[in-house]
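My structure is below; once you've seen it, I'll send some questions.
Atoms within each ligand, like the ligands themselves, are counted from 1 in listed order.
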Amino acid sequence: MTTWAIVVAAGRGERFGGPKLQTVLNGRRALEWSVDAARAACDGVVLVVASGDDPGVDVDRCVPGGATRSDSVRAGLAAIPDDADVIVVHDAARPAARASLFDAVIAAVRAGADAAIPGVPVTDTIKRVDGDVVVDTPDRSSLIAVQTPQAFGAAALRAAHADAGDATDDAALVERRGGRVVVVPGDASNRKLTAPDDVAALERALM
Ligand code: CTP
Ligand code: MG
């Protein structure tokens, strides 16, 4: 039984305004924090980078990504060994994810789920809109905000990506096929490095 991670780091960082994964947070680059947490929890790590990037981190395999996040995950998936039975997908842009969160999602898949994802309660009221017109207001108590790492049975993740679908997370592709996706408690400090004003909070989380 082996668990491999795909760490996706091939985005353009447009909202950040540049190569955000090179941002130094408490002395180490965001990319290093993310890869190290994945290494601590998994048997092997495939890193997906923009083609031509030299990541400067120690990983088992490093492959070029694609135009969308889903394309990049598929590029990583192609480099995962056949004997991996659990695959964890992690955004390099979440440097504050703890190894214990990886352990929790992996354990839920080993217990039988097709996929396991970290979720945190939503604190804002969320509305569905059509342009600038509100269509409806979903009950907030039934909503969660979802993070990575997300763990998958290897067969479920490979099947979900077989038809080259696109989604903002991989669990959505598993859901579309009727797979059983379970939620484990996420970590409020596991925020995504999206814009420059995320840096200060991430440095606090990584202290
Ligand atoms: N990602 C990727 N390949 C892509 C797009 C995104 O590997 N084609 C990765 C990013 O590097 C990041 C994660 O997916 O680790 C989540 O994406 P996001 O936070 O949106 O990062 P970017 O796409 O880089 O940022 P932006 O959308 O602002 O350009
Ligand atoms: Mg993006």
Just go through Arg12, Glu14, Lys20 and tell me whose heavy atom is the nearest to atom 18 (P) of ligand 1.
Lys20

Could you tell me whether a side-chain N or O of Ser34 sits under 3.5 Å from a main-chain N or O of Ala30, the two making a donor and an acceptor?
yes

Is there a side-chain contact between Arg110 and Met1 in this structure, where contact means two heavy atoms from C-beta onward sitting under 4.5 Å apart?
yes

When you compare the side chains of Asp71 and Thr68, does any donor N or O come within less than 3.5 Å of an acceptor on the partner?
yes

Under a 4.0 Å threshold between the charged nitrogen and the carboxylate oxygen, would Arg69 count as salt-bridged to Asp169?
no

Identify the protein heavy atom lying closest to atom 19 (O) of ligand 1, giving its residue, its atom name and the separation to 0.1 Å.
Lys192 NZ, 2.6 Å

With His90, which of Phe152, Trp33, Trp4, Phe102 fulfils ring-ring contact (aromatic ring centres under 6.0 Å, His included)?
Phe102

To the nearest 0.1 Å, how far is atom 24 (O) of ligand 1 from its closest protein heavy atom, and which atom is that?
Gly13 N, 2.8 Å

So which of Gly65, Gly66, Ala93 gets nearest to atom 8 (N) of ligand 1, if we judge by its closest heavy atom?
Gly66

Heavy atom of Thr68, distance to ligand 1 below 4.0 Å
yes

Hey, quick one: are Ile6 and Val174 part of the same hydrophobic cluster, counting side-chain heavy atoms closer than 4.5 Å, chains of contacts allowed?
yes

Where ligand 1 meets Ala67 - atom numbers and elements under 4.0 angstrom, heavy-atom basis
8 (N)

Could you tell me whether atom 15 (O) of ligand 1 has at least one protein heavy atom nearer than 4.0 Å?
yes

For atom 7 (O) of ligand 1, which protein heavy atom lies nearest, and how many Å away is it?
Ala10 N, 2.8 Å

Basic-acidic side-chain contact under 4.0 Å: Lys20, Asp198:
no

Give the numbers and elements of all ligand 1 atoms closer than 4.0 Å to a heavy atom of Ser72.
2 (C), 3 (N), 4 (C), 7 (O), 8 (N)

Which residue owns the protein heavy atom closest to atom 27 (O) of ligand 1, what's the atom, and how far is it?
Arg15 NH2, 3.0 Å

Would a hydrophobic clustering, with Ile, Leu, Val, Met, Phe, Trp and Tyr connected at side-chain separations under 4.5 Å, put Val146 with Ile87?
yes

Shortest protein contact, atom 9 (C) of ligand 1 (heavy atom only):
Val8 O, 3.8 Å

Specify the protein heavy atom at minimum distance from atom 10 (C) of ligand 1: its residue, its atom name, and the distance to 0.1 Å.
Gly11 N, 3.6 Å

